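The structure appears right after this line, and notes come after that.
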Amino acid sequence: MPPPKPHFFKKPPPTVHHLRPLTTTRPPPPPPHFSHLADKCKTIHQLTQLHAQMITTSRIHDNFAASRLLSSSTFSGNLNYASKLFQTIQKPNSFMYNTLIRAHACSFNPKKSLGLLMDMLMCFVMPGKHTFTFVLKACASLRVVWNCMQVHTHVVKFGLGFDLHVVNGLVRAYSVSGCLVDARKVFDECSVRSLSIWTSMICGYAQNGDSCEAIWLFDEMVGGGVEASGVTLASVLSACANSGCVDLGEEIRLYMEEKGIELNVILGTALVHMYARHGAIAEAKTCFDGMREKNVATWNAMICGLAIHGHAKEALGFFENLKDEQVKPNEITLVGVLSACCHAGLYDYGYKIFYSMRKIYGVEPTIEHYGCMVDLLGRSGRVKEAEKLIRSMEMKADVVIWGALLSACTRHGDYEIAERAAKEILKLDPQNHGVFVVLSNMYAEADRWKDVLKLRKVMKMGNLFKTPGWSYIENAT
DNA sequence: CTAGGGTTAG
């Protein structure tokens with residue numbers, strides 16, 4: 001009798017694939033192409049079933065069918081599954097790379113798109129115009145100029161610098177990365193421009209705070225006979241709001257009526273913002289009431305506009321209505337609400353909001369919220385508490401926040417804290433001459449001329465002659 | 001053989 005074999009010589013049990021048929025009545029006839037089925041797969045469960053069938057029938061080696069499966073799996077939102085599927089494909093073509101690059105570009109980790117482009121180049125798969133459109137989208141989410149430049153060199157190398165989608169991607173990626181000079185260079189070198197390219201460039205200026213340039217460019221576009229769309233106008237209206245060109249905004253509103261451009265949430269919000277920001281409260285309200293659909297941004301435009309124009313009570317009224325409408329307030333809403341409290345001196349209301357931000361609204365306080373709170377504490381005379389709050393912040397205090405404390409101290413004559421705040425400001429910004437003006441004003445008002453002279457000496461040591469602050473002090477003494 | 005762009009609030 002032979003000795004029993006050790007267990008590891010035993011044959012492993014055969015793996016059984018339990019495949020449920022797609023239909024319960026009868027197995028489906030072999031489809032003409034799996035690709036048609038792939039488009040219909042909506043859930044991950046359906047996808048895995050089809051995937052399994054494709055493996056058993058060897059159709060997985062058909063790149064066309066496999067790419068349909070891949071794009072369906074990216075649409076179902078399961079990037080992990082898509083990536084794993086991609087890795088099993090021996091020779092992925094450019095379409096497959098593009099599909100995965102696009103999926104990653106819209107995900108939380110757009111950096112993977114760049115890695116895939118590198119893979120592609122190393123495997124000698126030719127990237128095309130679609131590849132760069134998607135990769136540039138990833139660059140726009142990453143906002144790193146260096147990445148944009150690297151991709152740009154490849155765009156030029158592959159002769160794709162004239163494709164309208166690619167050019168648009170470049171303009172957009174450069175401008176959201178804050179490099180408007182490069183965006184403009186690409187824009188200028190492009191002889192045929194689509195509306196999207198114009199829009200990307202205008203939006204780039206508007207979002208980087210160069211409203212005038214945005215408006216000039218819009219003017220140039222209209223002068224060249226290009227018809228603006230609602231998307232373009234939203235950016236231009238934002239530029240109007242930031243630069244005070246309410247007349248142009250008014251003109252745009254009439255143009256939209258004339259052309260029958262639908263006033264959607266975004267355009268409506270941009271209009272409300274423009275009116276409210278410049279104190280045209282009645283117009284802002286009319287526009288706000290006329291909107292069918294509203295989102296947080298719409299409410300924020302209204303609340304913040306009211307707050308900065310001193311209509312604090314109304315701003316808070318809108319805030320209460322917002323909560324009734326089941327809209328979730330965000331960090332911007334709360335900045336508006338807190339600043340309304342500052343203007344109206346509503347200490348208790350603001351205090352309650354600030355200390356319940358995290359719990360009730362799920363919003364982490366930012367430096368702006370702290371700024372409002374310091375202002376609120378300071379205005380109600382609680383300068384000691386304000387200083388304590390600043391020192392307890394998890395982030396580094398900035399000039400604005402110390403400035404708020406300083407001005408509160410001068411109002412309430414707290415010299416000790418004022419001097420500390422001034423010192424902190426000068427630590428952050430040694431050229432800040434305004435600090436001396438504020439301090440000397442404070443001393444002068446209290447007839448403390450000795451201290452004014454002391455300041456004068458300090459300024460001399462700091463070599464700050466011939467400054468606006470200096471002349472101010474001279475007049476005071 | 002298949003796919004792609006631009007917009008609002010501090």
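Computed from a predicted model, the values in this text were never measured in an experiment. Lettering follows sequence order; numbering is per chain, from 1.
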**Asked** Contact class for A:L233 vs. all strands (heavy atom < 4.0 Å): base, sugar-phosphate, or nothing?
**Response** nothing

**Item:** Nearest-Å distance for atom pair CG/C1', residues A:L237 and B:dT7
**Value:** 10 Å

**Check against salt bridge (Lys or Arg N to Asp or Glu O under 4.0 Å), A:K294 and A:E325** = CA-CA 10 Å; A:K294 299 179 185 95; A:E325 300 265 330; over 6 Å; no

**A:H273 side-chain proximity, nearest of B:dG5, B:dA9, B:dA3** = B:dA9

**Asked** In whole angstroms, how far is the C1' atom of B:dG4 from the CG atom of A:L160?
**Response** 13 Å

**Check: A:G371 main-chain N/O paired with A:D375 side-chain donor or acceptor under 3.5 Å** = no

**Item:** Whole-Å gap separating P (B:dT8) and CE (A:M291)
**Value:** 14 Å

**Request:** Could you tell me whether the phosphate oxygens of B:dG6, OP1 or OP2, come under 4.0 Å of any side-chain nitrogen or oxygen in A:R193?
**Result:** no

**Fill in**
From the list A:V400, A:V399, A:L405, A:D398, side-chain contact (heavy atoms from CB on, under 4.5 Å) partner of A:W402 resolves to A:L405

**Request:** Would you confirm whether A:S229, through its side chain, and A:V231, through its main-chain N or O, come within 3.5 Å as a donor-acceptor pair?
**Result:** yes

Using residues 205-212 of chain A as the side-chain source, report each donor-acceptor pair under 3.5 Å to any protein atom, sequence neighbours left out, with the distance given to one decimal.
unit_1, atom_1, unit_2, atom_2, d
A:Y205, OH, A:R184, NH1, 3.1
A:N208, ND2, A:S175, O, 3.2
A:N208, ND2, A:G204, O, 2.8
A:D210, OD1, A:E213, N, 3.4

**Complete:** Against the side chain of A:N300, the closest entry in B:dG5, B:dA3, B:dA9 is B:dA9

**Asked** What orientation do A:F158 and A:F132 show, parallel under 30°, tilted 30 to 60°, or perpendicular over 60°?
**Response** tilted

**Asked** Taking only residues at least two apart or on different chains, which pairs with a member in residues 105-129 of chain A satisfy salt bridge (charged side-chain N to carboxylate O under 4.0 Å, His left out)?
**Response** none

**Asked** Does the base of B:dG4 carry an N or O that pairs as donor and acceptor with the side chain of A:N98 under 3.5 Å?
**Response** no

**Asked** Do the side-chain N or O atoms of A:R102 get closer than 4.0 angstrom to the phosphate oxygens (OP1, OP2) of B:dA3?
**Response** no

**Request:** Check the distance between B:dA3's C1' and A:Y97's OH and give it to me in whole angstrom.
**Result:** 18 Å

**Item:** Working for side chain to side chain donor-acceptor pair (under 3.5 Å), residues A:H154 and A:Q150
**Value:** CA-CA 7 Å; A:H154 283 111; A:Q150 277 183 308; over 6 Å; no

**Item:** Criterion ring pair (Phe, Tyr, Trp, His ring centres under 6.0 Å) on A:W299 and A:F288, from CA distance to verdict
**Value:** CA-CA 9 Å; A:W299 288 91; A:F288 182 88; 5.0 Å; yes

**Request:** With sequence neighbours excluded, tell me which residues meet ring-ring contact (aromatic ring centres under 6.0 Å, His included) with A:Y355.
**Result:** A:Y351

**Request:** Would you kindly give the CG-to-P distance between A:N264 and B:dG6, to the nearest whole Å?
**Result:** 15 Å

**Fill in**
Contact check, residues 302-337 of chain A vs DNA chain B, heavy-atom distance under 4.0 Å, returns A:C304, A:N330, A:E331, A:I332

**Asked** Under 4.0 angstrom, heavy atoms only, what part of the nucleic acid is A:T99 near: base, sugar-phosphate, or nothing?
**Response** nothing

**Message:** Using a heavy-atom cut-off of 4.0 Å across all strands, would you classify A:S229 as base, sugar-phosphate, or nothing?
**Reply:** base

**Asked** Between A:L267 (CG) and B:dG6 (P), how many Å, whole number?
**Response** 16 Å

**Prompt:** Considering only B:dT8, B:dG6, B:dT2, which nucleotide approaches the side chain of A:N93 most closely?
**Reply:** B:dT2

**Request:** Round to the nearest Å and state the distance from A:H104 atom NE2 to B:dA3 atom P.
**Result:** 21 Å

**Message:** Under 4.0 Å, heavy atoms only, any strand: does A:S238 hit a base, just the sugar-phosphate, or nothing?
**Reply:** sugar-phosphate

**Message:** Heavy atoms from C-beta onward define the side chain here; which of B:dA9, B:dT2, B:dT7 lies closest to that of A:F64?
**Reply:** B:dT2

**Request:** Return the residues of residues 198-211 of chain A meeting this criterion: a heavy atom under 4.0 Å from some atom of DNA chain B. Order them by number, or give none.
**Result:** A:T199, A:S200, A:C203, A:Q207

**Request:** Mind checking A:L271 for me? I need base, sugar-phosphate or nothing, with any heavy atom below 4.0 Å counting as a touch.
**Result:** nothing

**Request:** Go through A:N80 and A:S83 one step at a time and tell me if the side chain to side chain donor-acceptor pair (under 3.5 Å) criterion holds.
**Result:** CA-CA 5 Å; A:N80 258 338; A:S83 303; 5.4 Å; no

**Asked** Taking only residues two or more places apart in sequence, or in another chain, which ones meet A:S407 in a side chain to side chain donor-acceptor pair (under 3.5 Å)?
**Response** A:R411

**Message:** Suppose we call a contact any N or O donor and acceptor under 3.5 Å apart; does that hold for the side chain of A:S194 and the base of B:dG5?
**Reply:** yes

**Prompt:** Between A:W198 and A:F218, does the ring centre distance come in under 6.0 Å?
**Reply:** no

**Message:** Is it true that, when you exclude A:Y255 itself, more than 12 heavy atoms of the residues, nucleotides or ligands shown sit nearer than 6.0 Å to its OH?
**Reply:** yes

**Those residues of residues 358-376 of chain A lying under 4.0 Å from DNA chain B by at least one heavy atom** = A:E368

**Prompt:** Partners of A:E220 by side chain to side chain donor-acceptor pair (under 3.5 Å), sequence neighbours excluded?
**Reply:** none

**Complete:** Ordered by number, residues from residues 277-286 of chain A within less than 4.0 Å of DNA chain B (heavy atoms) are none

**Item:** Selection residues 268-292 of chain A - residue pairs positive for salt bridge (charged side-chain N to carboxylate O under 4.0 Å, His left out), sequence neighbours left out
**Value:** A:E262-A:R292, A:K285-A:E314

**Prompt:** What integer distance in Å separates A:L170:CG from B:dG4:P?
**Reply:** 19 Å

Acceptor/donor pairs from residues 361-370 of chain A side chains to any protein atom, 3.5 angstrom cut, sequence neighbours excluded:
unit_1, atom_1, unit_2, atom_2, d
A:Y361, OH, A:K323, NZ, 3.3
A:E364, OE1, A:R358, NH1, 3.3
A:T366, OG1, A:E368, N, 3.3
A:T366, OG1, A:H369, ND1, 3.1
A:H369, ND1, A:T366, N, 2.9
A:H369, NE2, A:E331, O, 2.9
A:Y370, OH, A:E394, OE1, 3.1

**Complete:** Ordered by number, residues from residues 125-139 of chain A within less than 4.0 Å of DNA chain B (heavy atoms) are A:K129, A:H130, A:T133, A:F134, A:K137

**Message:** Go through it in stages, so that I can follow the logic: the residues are A:R253 and A:E257, the test is salt bridge (Lys or Arg N to Asp or Glu O under 4.0 Å), and I'd like the CA-CA distance, side-chain angles, deciding distance and then a yes or no.
**Reply:** CA-CA 6 Å; A:R253 196 175 58 84; A:E257 273 174 26; 3.3 Å; yes

